J.: 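Just passing along the structure, written as structure tokens.
Chain naming here is simple, since letters A, B, ... match the order of the sequence lines and numbering starts at 1 in each. This one's a predicted model, so the numbers in the text were calculated from it and none came from an experiment.
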Amino acid sequence: MTRFAPSPTGYLHIGGLRTALFSWLTARHNDGKFLLRIEDTDRARNSEEALAAIIKAFDWVGLNYDGDVVYQSKRFDLYKQYIDQLLAEGKAYKCYMSKEELDALREAQMARGERPRYDGRYRDFDGTPPEGVDPVIRIKAPQEGVIRFVDGVKGEIAISADEVDDFIIARSDGTPTYNFVVAIDDALMGLTDVIRGDDHLYNTPKQIVVYNALGFKIPKFYHVAMINNEQGKKLSKRDGATDVMEYKRMGYLPEALLNFLVRLGWSHGDQEIFSLEEMIALFDPKDINKSASSYSPDKLLWLNAHYIKNTPNAKLAELLREFGVDIADHDRLEILLDATKERGKTLVELAEQINLILEAPSSYDPKAVKKAFKGDAKAILTDFIAMLQTWEKPLHLPSDYHAVLEKLIEEKEIGFGKIGMPLRVALVGALRGPGVDEMMAIIGVDETIERIEKAVATIEI
RNA sequence: GACCCUUUCAUCUAGUGGCCAAGGAUGCUACGUUUUCAUCGUAGUCACAGAGGUUCAAAUCCUCUAGGGGUCGCCA
């Protein structure tokens, strides 16, 4: 039983998706459940749009969660019960310290070179509380010893008790705080494995304090190191997209993104390509790396190219709709995509490749013209048109067109390049792209002749 | 500033004391295939952060130093 617990303050971050993936894989590997919980206890910072964006991103990559989404904001009554319980048991207490006093205390501690923390002044307070102050509730953390736990990634972690102060579990307005509700929910939802970013490492001892105070069973923790940029610094928008949905817009396939992310901080021998099924079969959180990894988009691009090549054409045609290419009903769909899908590393590039063929060239690349439209190119192209027009066999497949070319070469006693190059430029305006046979088969004989005629008209001499 | 985590090619990583004068992948550079581009194939390029120890033997264990990251909120 695992979970992903984002706070709805922005889009789904690429790093967040990796943690979610690790959790999801752990659950699926063990035939367990994967739950989604929204950490929205801070009402001031949440937004509906952010929540919708996160769910949408989950949808896109295909990580399914079990049961209903849990909203912490709807469980305040539950948390209140536990606060009252701790208060009644003397495991928590009211603190009347003002924010100003707290700031002053922190500043003084910093000045002395200490780690700032609450000094426990109201821990055993039984005097008269100051007037007009709404108290916060603090939990009693152990005052000596060390808090230990075994992290599934990092190994044994021991944090001295005096690093953990009596932290606030309820604000002065009565709302509960993060470390308190996380521990309660993780326990109540029955989580066995908590996989999260290692920026939470220091929250763990705090949450253990809550587990112990409430008598809950402590789950197994896994703290996954962050993803940095190529320079090893914190990943920012300048290093490329951090919003998961941005990858969709850039033409990445979700399976490529997931394959890329799973190999960031995890590996299984030398294997690079993992289908979702293989990931589920092979993933074990104990194999997660301790150290931070750097984000480098090259490999993602390579993976994306790989997955595009291996996606069925019908599926590709459907995906391409979002990129302005509607070829689902094209009668040469198979030839078209077979010819182009090895040339586009993203759906955006693939769309460009397709348009290059489907749309008659509006101009001819000057360099290509110089190279191809010379010598007797004009005459050869003209001859080719004539042959196409009088060809008696059907012209459907690339091989049909190839036969015409063969005949031309034979009759004129020329090399393939003599016709290939100018023909290519006539068809697409440049010296690149799929084979001319394929391209002619895709656009058909009429369009082929039209394009060649148009090109011939531009050739001087 | 204090505390915690971390350190193998440019990047992702394999590696748990001898199989490692360190393997795979991406990138990059050649060459081959291709009428072109791409794909694909072959080859090359490139690393154990540094210094001390322990040991017959260390990338692997220990110590220190340095780099990087994280945390110190009535945020999550």
J.: Distance alone, cut at 3.5 Å: any donor-acceptor contact between the side chains of H200(A) and Y178(A)?
T.: yes
J.: Would you mind telling me which residue lines up with the more 5' stretch of RNA chain B, M226(A) or G113(A), judged by nearest nucleotide?
T.: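 Closer to the 5' end of RNA chain B: G113(A).
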J.: Can a side chain N or O of K345(A) be found less than 4.0 Å away from OP1 or OP2 on rU39(B)?
T.: yes
J.: I want to confirm an ordering. Mapping Q271(A) and R112(A) to their closest nucleotides on RNA chain B, which one lands closer to the 5' end?
T.: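 Mapping each residue to its closest nucleotide by heavy atoms, the 5'-most match is R112(A).
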J.: Per the atom types in the model, does the base of rU36(B) pair as donor or acceptor with the side chain of R424(A) at under 3.5 Å?
T.: yes
J.: For Y71(A), give me all partners under ring-ring contact (aromatic ring centres under 6.0 Å, His included), at least two apart in sequence or on another chain.
T.: none
J.: May I ask you to decide if P254(A)'s main-chain N or O and N304(A)'s side chain share a donor-acceptor pair within less than 3.5 Å?
T.: no
J.: Please evaluate the base of rG23(B) for a donor-acceptor partner in the side chain of D270(A) within a cut-off of under 3.5 Å?
T.: yes
J.: What integer distance in Å separates I308(A):CD1 from rC40(B):P?
T.: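 Answer to the nearest Å: 13 Å.
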J.: Given rG69(B), rU35(B), rC74(B), identify the nucleotide with an atom nearest to the side chain of I168(A).
T.: rC74(B)
J.: Please identify which of these residues, D151(A), D199(A), T19(A), meets the side-chain hydrogen bond (donor to acceptor under 3.5 Å, both in side chains) condition with H223(A).
T.: D151(A)
J.: For P434(A), answer base if it contacts any base atom (sugar-phosphate contacts may also be present), sugar-phosphate if it contacts only those atoms, and nothing otherwise; contact means non-hydrogen atoms under 4.0 Å.
T.: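 Base, at least one base heavy atom under 4.0 Å.
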J.: For D162(A) and Q143(A), test the side chains for any donor-to-acceptor distance below 3.5 angstrom and give the result as yes or no.
T.: no
J.: Could you tell me whether the phosphate oxygens of rC74(B), OP1 or OP2, come under 4.0 Å of any side-chain nitrogen or oxygen in R106(A)?
T.: yes
J.: To the side chain of D298(A), which of rG1(B), rG27(B), rC74(B) is closest?
T.: rG27(B)
J.: Using only heavy-atom distances, decide whether a donor-acceptor pair under 3.5 angstrom links the side-chain of N203(A) to the base of rA76(B).
T.: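 Present.
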J.: Output yes when a side-chain donor or acceptor of E278(A) lies under 3.5 Å from a complementary backbone atom of S275(A), and no otherwise.
T.: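 Looks like yes, one N/O pair under 3.5 Å.
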J.: Measuring from S172(A):OG to Y96(A):OH, what's the distance to the nearest 0.5 Å?
T.: 12.0 Å
J.: Indicate for each nucleotide in nucleotides 3-13 of chain B, in 5' to 3' sequence, whether protein heavy atoms under 4.0 Å reach the base (B), only the sugar-phosphate (S), or nothing (-).
T.: BSSSS---SBS
J.: Between rC74(B), rU39(B), rG70(B), which nucleotide has the shortest distance from any of its atoms to the side chain of D199(A)?
T.: rG70(B)
